[in-house]
Peer 1: 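Please find one structure pasted underneath; my questions will follow.
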Amino acid sequence: NPRILRLNSDNVWEIAKEPLHFDKPEAGVGPGLAFAREMLKNESGDVVIGLIPCAVGGSGIDVWKPEEFYAPTQTYPYDEALKRTLTVLKDGILKGILWHQGESDRSHEKTATYKKKLAVLIHTLRSTINEPLIPFVAGELPDFRGNDVIEFNKMLHEAKKEIPYFDVVSSHGLTANPDNLHIDAASQRELGKRYAKTMKSLKNKPMYNNLNY
């Protein structure tokens with residue numbers, strides 16, 4: 001769709017196609033393209049959506065802060081995501097951020113500190129790009145993982161009480177690839193639609209008066 005673009009690894013806009021991400025050679029279908037298609041529905045014909053892929057597969061939240069290095073991909077996840085975002089802000093408008101991460105942080109010990117780290121990440125990013133009300137939507141870990149993710153997903157919903165302009169997308173009913181770890185393509189696209197529905201809902205909420213978090 002010529003109205004859905006992605007910022008490629010050379011920071012050049014091109015028509016988006018799957019896979020959007022390029023962090024690892026095995027990167028596959030994600031929710032991004034389905035999200036953009038859903039967001040375009042009922043929009044005027046001159047609206048163009050630009051996707052900025054910044055995922056780093058396998059990374060924990062501890063490397064999503066300034067100057068933190070992630071050895072498996074030889075990258076600085078936060079710094080590089082910020083750099084790509086600032087590049088786009090020169091000629092575009094940032095409308096929202098999608099976050100789907102947590103497999104490596106789902107233990108009881110890591111879940112206990114995750115909410116605070118996520119709040120710091122969101123606040124740091126919003127402050128740096130001077131967008132204090134930018135919508136931030138996180139996704140639950142897939143419930144096909146069973147009891148392994150219940151505590152983590154509950155914590156994400158608790159974060160909604162503390163982080164302004166933040167919401168969470170359900171993973172209920174999503175299905176897995178044969179590895180029973182990664183979400184399959186059909187469910188990734190369903191997840192993208194859910195992200196879009198939640199993003200639209202979040203963008204329609206009244207502006208928050210208190211952003212001191």
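Note that the numbering runs from 1 along the sequence shown for the chain. Values below: all heavy atoms of this structure, side chains included; hydrogens, waters and symmetry mates excluded.
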Peer 1: Give, for atom NE2 of His172 and atom CG of Asn153, the distance between the pair rounded to the nearest 0.5 Å.
Peer 2: 12.5 Å

Peer 1: Using side-chain contact (heavy atoms from CB on, under 4.5 Å), reason through Leu141 and Asp148 one step at a time and then give a plain yes or no.
Peer 2: CA-CA 9 Å; Leu141 296 182; Asp148 198 26; over 6 Å; no

Peer 1: Once you measure the plane-to-plane angle for Phe35 and Tyr195, does it fall in the parallel (<30°), tilted (30-60°) or perpendicular (>60°) bin?
Peer 2: perpendicular

Peer 1: Which Ile, Leu, Val, Met, Phe, Trp or Tyr residues join Ile93 in one cluster when any pair of side-chain heavy atoms under 4.5 Å counts as a link?
Peer 2: none

Peer 1: Hey, what do you get for CZ (Arg3) to OG (Ser44), rounding to the nearest 0.5 Å?
Peer 2: 7.0 Å

Peer 1: Is the closest basic N to carboxylate O distance between Arg145 and Glu103 below 4.0 Å?
Peer 2: yes

Peer 1: For Lys116, enumerate each residue passing the side-chain contact (heavy atoms from CB on, under 4.5 Å) test, keeping only those at least two apart in sequence or located in another chain.
Peer 2: none

Peer 1: Are more than 12 heavy atoms, taken from residues, nucleotides or ligands other than Asn130, located less than 6.0 Å from that residue's CG atom?
Peer 2: no

Peer 1: Ignoring hydrogens and angles, tell me if any N or O in the side chain of Arg84 forms a donor-acceptor pair with the backbone of Leu7 under 3.5 Å.
Peer 2: yes

Peer 1: Is any side-chain heavy atom of Leu94 less than 4.5 Å from a side-chain heavy atom of Val88?
Peer 2: no

Peer 1: Indicate, with yes or no, if Leu125 and Leu89 share a hydrophobic cluster defined by side-chain heavy-atom contacts under 4.5 Å among Ile, Leu, Val, Met, Phe, Trp and Tyr.
Peer 2: yes

Peer 1: For the residue pair Trp13 and Gly50, what are the closest heavy atoms and their distance?
Peer 2: CZ3-CA, 3.5 Å

Peer 1: Would you say that Ile129 contacts Leu86 through its side chain, given a criterion of any heavy-atom pair below 4.5 Å between the two side chains?
Peer 2: yes

Peer 1: Report yes if some heavy atom in the side chain of Gln101 is under 4.5 Å from a heavy atom in the side chain of Pro77; otherwise report no.
Peer 2: no

Peer 1: Checking Glu80 now: which residues fulfil side chain to side chain donor-acceptor pair (under 3.5 Å) with it, not counting sequence neighbours?
Peer 2: none

Peer 1: Should Glu18 and Arg189 count as an ion pair when the cut-off is N to O under 4.0 Å?
Peer 2: yes

Peer 1: For residues Val168 and Val137, determine if any side-chain heavy atom of one lies less than 4.5 Å from a side-chain heavy atom of the other.
Peer 2: no

Peer 1: Under 4.5 Å between side-chain heavy atoms, counting indirect links through other Ile/Leu/Val/Met/Phe/Trp/Tyr residues: same cluster for Leu191 and Ile4 or not?
Peer 2: yes

Peer 1: Evaluate the side-chain proximity of Leu33 to Asn1: yes if any heavy-atom separation is below 4.5 Å, no if none is.
Peer 2: no

Peer 1: Has the side chain of Arg194 got a donor or acceptor atom that lies under 3.5 Å from a matching backbone atom of Ser170?
Peer 2: yes

Peer 1: For Asn42, check side-chain contact (heavy atoms from CB on, under 4.5 Å) against everything at least two apart and list the hits.
Peer 2: none

Peer 1: Please tell me whether Asp184 and Thr175 have a donor and an acceptor in their side chains that are separated by less than 3.5 angstrom.
Peer 2: yes

Peer 1: How would you list, by chain and number, every residue that makes a side chain to side chain donor-acceptor pair (under 3.5 Å) with Thr111, sequence neighbours excluded?
Peer 2: none

Peer 1: If you measure from NZ on Lys203 to CD1 on Ile134, what distance do you get to the nearest 0.5 Å?
Peer 2: 6.5 Å

Peer 1: Could you tell me which non-hydrogen atom of Ala71 sits nearest to which non-hydrogen atom of Gln74, and how far apart they are?
Peer 2: O-NE2, 2.8 Å

Peer 1: If every non-hydrogen atom of Ser104 is compared with every non-hydrogen atom of Gly58, which pair is closest and at what distance?
Peer 2: OG-O, 3.7 Å

Peer 1: Can a donor-acceptor pair be found, under 3.5 Å and without considering hydrogens, that links the side chain of Asp105 to the backbone of Ile61?
Peer 2: yes

Peer 1: Given 3.5 Å as the limit, does a donor-acceptor pair link the side chain of His100 with the main chain of Ala138, or not?
Peer 2: no

Peer 1: Would you check if the side chain of Asn204 reaches a backbone N or O of Lys200 as a donor-acceptor pair within less than 3.5 Å?
Peer 2: yes

Peer 1: Is it true that atom NZ of Lys115 has more than 12 heavy atoms of other residues, nucleotides or ligands lying nearer than 6.0 Å?
Peer 2: yes

Peer 1: Which heavy-atom pair separates Val56 from Ser59 by the least distance, and what is that distance?
Peer 2: O-OG, 2.7 Å

Peer 1: Looking at residues at least two apart in the chain, or sitting in another chain, which of them share a side-chain contact (heavy atoms from CB on, under 4.5 Å) with Thr128?
Peer 2: Tyr78, Leu82, Thr124

Peer 1: Treating Ile, Leu, Val, Met, Phe, Trp and Tyr as nodes and any side-chain heavy-atom pair under 4.5 angstrom as an edge, say whether Phe152 and Trp64 lie in one connected cluster.
Peer 2: yes

Peer 1: Between CD1 of Ile49 and CG of Leu40, what distance do you get to the nearest 0.5 Å?
Peer 2: 4.0 Å

Peer 1: Got a second to check how far Asn177's CG is from Leu181's CG, nearest 0.5 Å?
Peer 2: 9.0 Å

Peer 1: Do you know which two heavy atoms are closest between Phe166 and Ile122, and how far apart they sit?
Peer 2: CD1-CD1, 3.8 Å

Peer 1: Please tell me if the side chains of Val120 and Lys65 come closer than 4.5 Å, counting only heavy atoms from C-beta onward.
Peer 2: no

Peer 1: Would Trp99 end up clustered with Met155 when hydrophobic side chains under 4.5 Å apart are linked, directly or stepwise?
Peer 2: yes

Peer 1: Would a distance-only check, ignoring hydrogens and angles, find a side-chain to backbone donor-acceptor pair under 3.5 Å from Asp10 to Val12?
Peer 2: no

Peer 1: Hey, are His157 and Glu140 close enough side-chain-wise for a donor-acceptor pair under 3.5 Å?
Peer 2: yes

Peer 1: Check whether Ser201 reaches the backbone of Lys197 with its side chain - one donor and one acceptor, N or O, closer than 3.5 Å.
Peer 2: no

Peer 1: Leu98 versus Met199: any side-chain heavy-atom pair under 4.5 Å?
Peer 2: yes

Peer 1: May I ask you to decide if Glu67's main-chain N or O and Asp79's side chain share a donor-acceptor pair within less than 3.5 Å?
Peer 2: yes

Peer 1: I'd like to know if the side chain of Arg6 and the backbone of Lys17 have a donor-acceptor N/O pair within less than 3.5 Å.
Peer 2: no

Peer 1: Using distance alone, with no hydrogens and no angle criterion, decide if Tyr114 and Glu151 have a side-chain donor and acceptor under 3.5 Å apart.
Peer 2: no

Peer 1: Decide whether Ile97 and Tyr76 are clustered together by the hydrophobic rule: side chain heavy atoms of Ile, Leu, Val, Met, Phe, Trp, Tyr closer than 4.5 Å, transitively.
Peer 2: no

Peer 1: Ignoring hydrogens and angles, tell me if any N or O in the side chain of Glu38 forms a donor-acceptor pair with the backbone of Gly192 under 3.5 Å.
Peer 2: no

Peer 1: What are the two closest non-hydrogen atoms of Pro53 and His21, and how far apart are they?
Peer 2: CB-ND1, 3.4 Å

Peer 1: Kindly compute the distance separating CD1 (Ile183) from CG (Leu174), expressed to the nearest 0.5 Å.
Peer 2: 5.5 Å

